[in-house]
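To start, the structure itself, in C-alpha cells.
In what follows, every chain begins at residue 1, and chains take the letters A, B, ... in the order their sequences are listed.
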Number of protein chains: 2
Amino acid sequence: MRKNGEKTQDARGAQRRGAGRPRGRVLSRQLILETGLRLIDERGEAGAGMRAIAQELGVRPSSLYNHVSGRDELIAGIRELISDRIDTSAFDAEPWHQALHDWAHAYRAAFAAHPPTITMFAVAPLEPGSRTALMYDRVCEALHGAGWPRERVLTIVVALESFILGSALDSSAADDMLDPGSRIDTPAFTAAYHERARLLAGTGERPADAAFQAGLAAMIAGLRAEFAALPRG
Amino acid sequence: MRKNGEKTQDARGAQRRGAGRPRGRVLSRQLILETGLRLIDERGEAGAGMRAIAQELGVRPSSLYNHVSGRDELIAGIRELISDRIDTSAFDAEPWHQALHDWAHAYRAAFAAHPPTITMFAVAPLEPGSRTALMYDRVCEALHGAGWPRERVLTIVVALESFILGSALDSSAADDMLDPGSRIDTPAFTAAYHERARLLAGTGERPADAAFQAGLAAMIAGLRAEFAALPRG
DNA sequence: ACCACAAACGAACTCTGTTCGTTAATCGTG
DNA sequence: CACGATTAACGAACAGAGTTCGTTTGTGGT
C-alpha cells in the first residue's frame, strides 16, 4: 500500500489538493495517455489501471474522466500513440515487396517495444475514424501503384497484418512456452524443439523472431510469384 | 436480476440446496467446462463469468473452486476442449503442403465456431503439458517425414500458427471494421475498400475469409518454393 | 459583475474473481 | 459396524476493478 503523502515524480505540488478547479492545468488527454503507456511498460497491464494512472499523476481516479470517456477509449488512444510511430517511408523508394517487408518489421517492432500492449490491443480492435486508416492508405496506394489490382490490395494488407499481429502475440509470450520438458509421448515435437534450440543458440535469435522472419519471407515470396503471374494491364 | 427460484435447464433439483455435501454428484470439471463454453457461445465472454456459470448449474460460485483452481485454469480447459477438435488426419494421406493447408483451415474453423473465445485465448496462452503438444507432434512428424530439416519444422509451424491466430482474431471482428465511411483523406484506401466489397459481393465471401485464404495460399506457395530449393539429403 | 462552464475532489456503487469457515454426505479402515 | 478423514456443497465476506454523481472551486465569456 502507498500512503497519500508519497507521490511519484509527476505529483509535484506535494500538498494535497482540495476540491474545486485547480489553479494551473493539471491534466490533459495527452498526458494521461503517455502516463498510461509508461506505466504499462514499467509495471505491465495490471499495474496501469485507472487508479494507478491517477495516483501517478497525483490526482483522483474520477478526475481522469474529465479528459477520457473510459478505459476503452484510453487503451485505444495508447494504441494510436504506438501505431503512429510505424514507419511507412519504405513505400516511397523501394520496390513493393521490399517495402512490404520493411513495413512488416517496423509494424511488429513498434508493438514489440511495449510487450504488454499487444494482448491488450488484440482484444479491443481499433475504433473507426482513427489515424490507422492513413497508414492503410499509404500501403494501398503503393501496392496499386506497383501494379496490383485495386480489389486485391486490401486483402493482401489484411492478410499480412494478421500475420504480424499473430507474430507479435507469439513474441509477447515466454520463449520456452512450448518446452516439452521431460515428455516422452511427443518424440517428433521434442526432437524438433531441441534441434531448433541448437540452431538458434548459434545466433542468439529468439524463436519468435525466427518464426516471424521465416513466415514473412514465405508469404512475400508467395505474393511475388502471384504478382509475376498476374495478367498485365 | 434473476431470483433464486428461476433456474435454467441444468438446475433440475428445483428446491434450494442447503449446506453440506449433496447426495448425488452435482458438479464435475467436465460439466463446468462445457457449461462455460456454452455460455460463452450464447452470451459472449461477459456473460460467462464465474457467477453466471454457477447460476446456470444451480450452484454457488464458491462451489466451482472445488473442481477448478480459478478462472485462468477454466479458460485453459475450455481452450483444450476446442483445440482437441482440430482435425489432423490430413497428415496421414496428403502431401505436406496440402495437409498444412487443410490443417490451417481446420484450426481456424475450430475457433471461429466460438468467436468470443478467440480474444480470450489470444490473451492467455496455453499452459505447459497440455494436449496441444500432441497436435504439434503430429505436424512436426509429417513435415520432417516429408523432407524438411528437423531444426526448421517448429519455426514453420509457429509461423503458420501465428498467421492462423491473427486471422482468427481478424475474423472475430466486425466485417465493416475498416469502413472508411465518408472519409476523403484516404483516397487509395477508400477505393480499395469499395473495390474489394464489389469483388466479394459476387461470392458472398467474408473479407476476413478472403484474407485468410490469400495469405495462407501465399505462405504455403513460398514454403513450397523454399522446399524445392532445399539441398537433398 | 454575473453566470455558465470546466475540472478537480471524495464518496459511493456495481461489478468481478476469490477465500474461508461451516456443514453434511460419503469413503476407507480398524 | 463404527468412526475419522475426505469431499463437496453453502453462504458470507473481501479486495480491487471501472465508473458515476454530487460538491466545490477557479476560469472565461456576455
- Report the residues that fulfil side chain to side chain donor-acceptor pair (under 3.5 Å) with Ser62(B), sequence neighbours left out, ordered by chain and then residue number. none
- Would you say the side-chain atoms of Asp41(A) pair up with the backbone N or O of His114(A), donor to acceptor, closer than 3.5 Å? no
- Item | For atom CG of Leu64(A) and atom P of dA6(C), their distance in whole Å | 18 Å
- Under a 4.0 Å heavy-atom criterion, the protein footprint on nucleotides 1-8 of chain D, written with B, S and -, is ------BB
- Message: Whole angstroms only, please: what is the CD1-P distance between Ile53(A) and dA17(D)?
- Response: 11 Å
- Which residue pairs satisfy the salt bridge (charged side-chain N to carboxylate O under 4.0 Å, His left out) criterion with at least one member in residues 18-28 of chain B, sequence neighbours excluded? none
- Item | Sequence neighbours excluded - side chain to side chain donor-acceptor pair (under 3.5 Å) pairs with any residue from residues 186-197 of chain A | Thr186(A)-Thr190(A), Glu195(A)-Arg198(A)
- Item | Rounded distance in Å - CD (Gln55(B)) to P (dC10(D)) | 12 Å
- To the nearest Å, how far apart are Glu73(B) CD and dG17(C) C1'? 14 Å
- Message: Distance check needed: dG18(D) C1' versus Glu45(A) CD, whole Å only.
- Response: 13 Å
- Leu74(B) CG - dG17(C) P separation (whole Å): 10 Å
- Please walk me through it: do Arg206(A) and Asp170(A) pass salt bridge (Lys or Arg N to Asp or Glu O under 4.0 Å)? CA-CA 11 Å; Arg206(A) 288 189 60 201; Asp170(A) 179 46; over 6 Å; no
- Can you tell me if the side-chain N/O atoms of Arg60(B) get under 4.0 Å from OP1 or OP2 in dA9(D)? no
- Given dT19(D), dG11(D), dG10(C), which nucleotide is nearest the side-chain atoms of Ser62(B)? dG11(D)
- Message: Does a side-chain N or O of Arg17(A) approach OP1 or OP2 of dA8(C) to a distance below 4.0 Å, or not?
- Response: no
- Could you give the CE-to-P distance, from Met50(B) to dA9(D), as a whole number of Å? 13 Å
- Which residues pass the side chain to side chain donor-acceptor pair (under 3.5 Å) test with Glu141(B), sequence neighbours left out? none
- Query: Over how many whole Å does the gap from Ile32(A) atom CD1 to dA7(C) atom P extend?
  - Reply: 11 Å
- Query: Which pairs with one or both residues in residues 49-84 of chain A pass ring-ring contact (aromatic ring centres under 6.0 Å, His included), sequence neighbours excluded?
  - Reply: none
- Task: Using a heavy-atom cut-off of under 4.0 Å over every strand shown, decide if Arg51(B) touches base, sugar-phosphate, or nothing.
- Result: base
- Closest nucleotide of DNA chain C for Gly24(B) versus for Arg71(B): which of these residues is on the 5' side? Arg71(B)
